[in-house]
Amino acid sequence: MPTDTQQPSFVLIRPQMGENIGAAARAMWNFGLDRMRIVAPRDGWPNPAAVALASGAGRLLDEAEVSEDVASGIADRTYVYATTARPRELTKPVFSPEAAMKDAAARIARGEKVAVMFGPERSGMENADIAHANAIITVPVNPDFPSLNLAQCVLLVGYEWRRAQEQIADVVIQGQTIDPADQKDIEALARHYEDRLDEAGFFYPEHKAENMKVNLRNLWSRMPMTRADVQMMHGMLRQLLRGKSDSSKS
């Protein structure tokens, strides 16, 4: 059974190779999409060649809805996007994948039923197919080589769908200990280094010492340090000083 998650249907128009259908199913499931529809597959359906490439997403193939033509494949949808890399003379809104999936998410939240159509591998959709769509999705690819593999295109749109559904941070820090260091931790570390470096005569000549200390403090504040980082930096300095002390005794 499909998941309960509200989502667009991905409609493969006249796909030519079972392997590409399987790879498209895998790409869909990578991003939590499991509403596959297939219109007039060239080699019939079911297609054993699709199973191997699905790699864990075989359920999507088992549950795929198969139609004879585009009109019946999207008959119950209220808004349809067609993916194409080529300029078309048809007058329609043209979305980037990111904007299209944001638009799709808003429409689905309002209760609309959305579909995204993907054309056959060799030449993409014909204008007669795209005429059924309400809008076009165009990927900003190399104009000298605009053709995308079917599964690649499905993967790209699926990724943008996932991004539209979740608040995904551009950069995160991960690890076993990721608690950020408090300002008091940074201050203690800065003072530790400043005092030891002062004892070692690092801040020289004297008229530049104050500016050197400010630059050192600024260095610590620029670093996004965790508590574990601070502890390690303290430990490194202590060990260096301990080694110096041991060598002086010998």
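A quick note: this is a predicted structure, and the numbers were derived from the prediction, not measured. Nothing fancy with the numbering, it's 1 onward along the sequence.
- In this structure, the side chains of Lys213 and Asp198 come closer than 4.5 Å at one or more pairs of heavy atoms.
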Side chain to side chain contact (heavy atoms under 4.5 Å, CB included), that's the test. Do Arg77 and Arg37 meet it? Break it down for me.
CA-CA 12 Å; Arg77 302 293 92 182; Arg37 297 185 178 192; 3.5 Å; yes
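- Residues satisfying the side-chain contact (heavy atoms from CB on, under 4.5 Å) criterion with Ala52, sequence neighbours excluded, are absent altogether.
- Listed by chain and number, the residues in a salt bridge (charged side-chain N to carboxylate O under 4.0 Å, His left out) with Asp4 amount to none (sequence neighbours excluded).
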Full working for side chain to side chain contact (heavy atoms under 4.5 Å, CB included) between Asp182 and Arg227:
CA-CA 8 Å; Asp182 296 331; Arg227 291 181 178 178; 3.2 Å; yes
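- Counting only residues at least two apart or on different chains, the ring-ring contact (aromatic ring centres under 6.0 Å, His included) pairs with a member in residues 112-140 are Phe10-Phe118.
- The distance from the CD atom of Glu65 to the OG atom of Ser72 is 10.5 Å, given to the nearest 0.5 Å.
- Considering CD1 of Ile21 and CD1 of Ile38, their distance stands at 4.5 Å, rounded to 0.5 Å.
- Put simply, OG1 on Thr226 and CE on Met232 are 8.0 Å apart, with the number rounded to the nearest 0.5 Å.
- You'll find the side chain of Asn211 reaches within 4.5 Å of the side chain of Asn215, heavy atoms only.
- Put simply, the side chain of Asp129 gets close to the backbone of Glu126: a donor and an acceptor are under 3.5 Å apart.
- Contact detail for Ala131 and Leu90: the closest heavy-atom pair is N-CD1, 4.0 Å.
- A distance-only check finds a donor-acceptor pair linking the side chain of Glu63 to the backbone of Met1 [under 3.5 Å].
- Legend: residues meeting salt bridge (charged side-chain N to carboxylate O under 4.0 Å, His left out) with Glu199, ordered by chain and number and at least two apart, are Arg196.
- With sequence neighbours excluded, the residues that form a ring-ring contact (aromatic ring centres under 6.0 Å, His included) with Trp220 are Tyr193.
- Residues that satisfy the salt bridge (charged side-chain N to carboxylate O under 4.0 Å, His left out) test with Arg217, not counting sequence neighbours, are Glu187, Glu194.
- In the model, Asp103 has a side-chain atom that pairs as donor or acceptor with a side-chain atom of Tyr81 under 3.5 Å.
- Atom CZ of Phe95 is separated from atom OG1 of Thr138 by 11.0 Å, given to the nearest 0.5 angstrom.
- For Ala40, the side-chain contact (heavy atoms from CB on, under 4.5 Å) partners are Arg14, not counting sequence neighbours.
- Residues meeting the salt bridge (charged side-chain N to carboxylate O under 4.0 Å, His left out) test with Glu160, sequence neighbours left out: Arg163.
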Could you walk me through whether Met125 and Val70 pass the side chain to side chain contact (heavy atoms under 4.5 Å, CB included) check?
CA-CA 11 Å; Met125 278 178 283; Val70 173; over 6 Å; no
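- Partners of Ser96 under the side-chain contact (heavy atoms from CB on, under 4.5 Å) rule, at least two apart in sequence or in another chain, are Glu98, Ala99.
- Leu61 approaches Ala54 most closely through the heavy-atom pair CD1-CB, 3.8 Å.
- Going from atom CZ of Phe203 over to atom CD of Glu210 covers 9.5 Å, rounded to the nearest 0.5 Å.
- Distance check: Arg242 CZ to Leu237 CG gives 10.5 Å after rounding to the nearest 0.5 Å.
- One hydrophobic cluster, built from ILVMFWY side chains closer than 4.5 Å, cannot hold both Val154 and Leu53; they sit in different ones.
- In this structure Arg42 satisfies the side-chain contact (heavy atoms from CB on, under 4.5 Å) test together with Gln16, Met17, sequence neighbours excluded.
- As a member of the Ile/Leu/Val/Met/Phe/Trp/Tyr network built from side-chain separations under 4.5 Å, Val139 groups with Val141, Leu148, Leu156.
- Here salt bridge (charged side-chain N to carboxylate O under 4.0 Å, His left out) pairs that include residues 26-36, with residues two or more places apart or in two chains, are Asp34-Arg59.
- Salt bridge absent: Arg191 and Asp195 never bring a charged side-chain N and a carboxylate O closer than 4.0 Å.
- Using modelled atom types and a 3.5 Å distance limit, the side chains of Gln165 and Arg162 yield no donor-acceptor pair.
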